[in-house]
Amino acid sequence: MSSITSPGVDDQQEEAASRARAEADETSERGDMAVEQVLRMFDVADEALVQLKADMQREFELGLSNEDAATIKMLITYVRELSRGDESGAYLALDLGGTNFRVLLVELNAGEAKVKSSVHEIPRELLVTQNGRELFDYIALKLLEFVQQYKLRRKRISLGFTFSFPCKQYGLTQSVLVKWCKGFKVGGVVGTDVVMQLKDALKRQLSGLAEAYIDVVAVINDTTGTLVACANTNRECRIGLIVGTGYNACYMERIEKCEKWPANYTNPKQVIINCEWGAMGDNKQRRELDKMRNEFDALIDAQSVNPQNQTYEKMVSGMYIGEMLRLAMLKLHKERALFANASVLQKLQQKDVFSGKHMSALGRDELANSTEEATKIAKDLGVANPARRDLNIMVQIASRIMHRSAHLVAAGISALLERIRKPYTVIGYDGSVIKHHPYFLRRLVDKCTRLTPKELRFEFMMSSDGSGIGAAVVAAALHKERTPLYVVRPGKVYEMQYVNVQRNASLSSSRSETTAAASSVKSFNKP
Ligand code: GLC
């Protein structure tokens, strides 16, 4: 009888184990490929940045002549002179530009600024509402509470309003909202003058609360505030940059280069232009950024309250970078390439589980070659014992996102430096991403150096609270130049009207030769 010898138990086990190993290898190889593919989606080659720079320069030209045809609107701010550094007195500032809204009392003394402020988180229902009056009523109420708290009743006080959304200005106190962004969708405000909205709300809220002599003397953008505050200490500062919840820049332009300037002009022959460049890439025919966008950018845009708007901003700013990480992780998890055996799906499906703070934390891990912060984040997702591989993947994705963001900013700044063409330019900056991410600024400076001709030297200068102090400095300079004419309404509400000494809707004055030390600028960052 012939017998077929069946494999022994040991052999069978060995075979099964080797099959399992092969399968595991294959899965992990597939996983690694999926990770590599996702990481590559955030790569942007230098040639693409050079092209972006050229595209932006073309947009700058277009925006300065024909705003309607341009995506980068290059909005005139009417702020034409930087601070003399000798402003003094107490000024109010309102700062609205993200989910936090602030009221500030800024005491200026020869370039020194002492600040008292109150911060309020804007209730969610006011960010997305049909009725803009509710938002402005809330702002006015908080302002008046502040006036009560700091005993500013019955005092004449000028207010600078920092309103950091795309606005078309018709003077220093006339600013019409073009569109909302950064998660705001408030009905009844687009197309109206936000200063009027604020004044009307103040009148509504004032009844019975306080006698206030508040005069809204200027409305500015946060980039303008940053530029003005930094120029207070360094007169070479000609660019203001914000990389925070939103992303934008402004710069000082010669009026002769601004074809759309509406009137004749005297000295100073310059004006701050608010680029509003977060909109770069929005134009449906040109779509200059599409080559660099990936499936996560498309998802972020589709989920946002303003689809097909602010394309450039959505690839860069603090409001969106956490979402990029989440969506990339979600994809990899679904492909079983990340946290394959953990139940993180539900958490990863939750919009906004990650913010700019998580990106900074992962950046710290990257620099320290550690996984400490990533471990904490994994634990928050419910993974008790995360594998080192998974933690490393998180750090790597965050790294690629932040590198892309910094490089895209470098292209914009380099484009502006070439437009300004001064041998030395200082860039004042503010915003949570650029200030708090551990290496963002360094990568930005490195890339900007590579993209910019050597003869155009530049430095970055950190502004501390430019959007608050800058508004006060602008208000102070204007306040000095105006004499109160009469009080319009008797009773509880008083409104000052002024004759401008120079009858000129600009912040115009001859600049003193002294450079004052403003406390608004904490450190000078030498790259
Ligand atoms: C958005 C706004 C812009 C602002 C920037 C930074 O891009 O449109 O006005 O300067 O955010 O806050």
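As the structure lists them, so they are numbered: ligands from 1, and atoms in each ligand from 1.
Relative orientation of the Y247 and W277 rings is tilted, given thresholds of 30° and 60° on the angle between their planes. Taking the six-membered ring for Trp and thresholds of 30 and 60 degrees, F161 and F136 have ring planes more than 60 degrees apart, a perpendicular arrangement. Ring planes of F165 and F163: tilted class, angle from 30 to 60°.
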Tabulate below the donor-acceptor pairs under 3.5 Å that side-chain atoms of residues 116-129 make, not counting sequence neighbours, or state none.
residue, atom, partner, partner atom, Å
S118, OG, H120, NE2, 3.1
T129, OG1, N131, N, 3.0

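A salt bridge is absent between D68 and K260: the closest approach of a Lys/Arg side-chain nitrogen to an acidic carboxylate oxygen does not fall below 4.0 angstrom. Between R450 and D46 there is a salt bridge, since a side-chain N of the basic residue sits under 4.0 Å from a carboxylate O of the acidic one.
Under 4.0 Å from any atom of ligand 1, one finds heavy atoms of residues S164, F165, P166, C181, K182, N221, D222, T223, I242, G246, Y247, N248, E276, Q310, E313.
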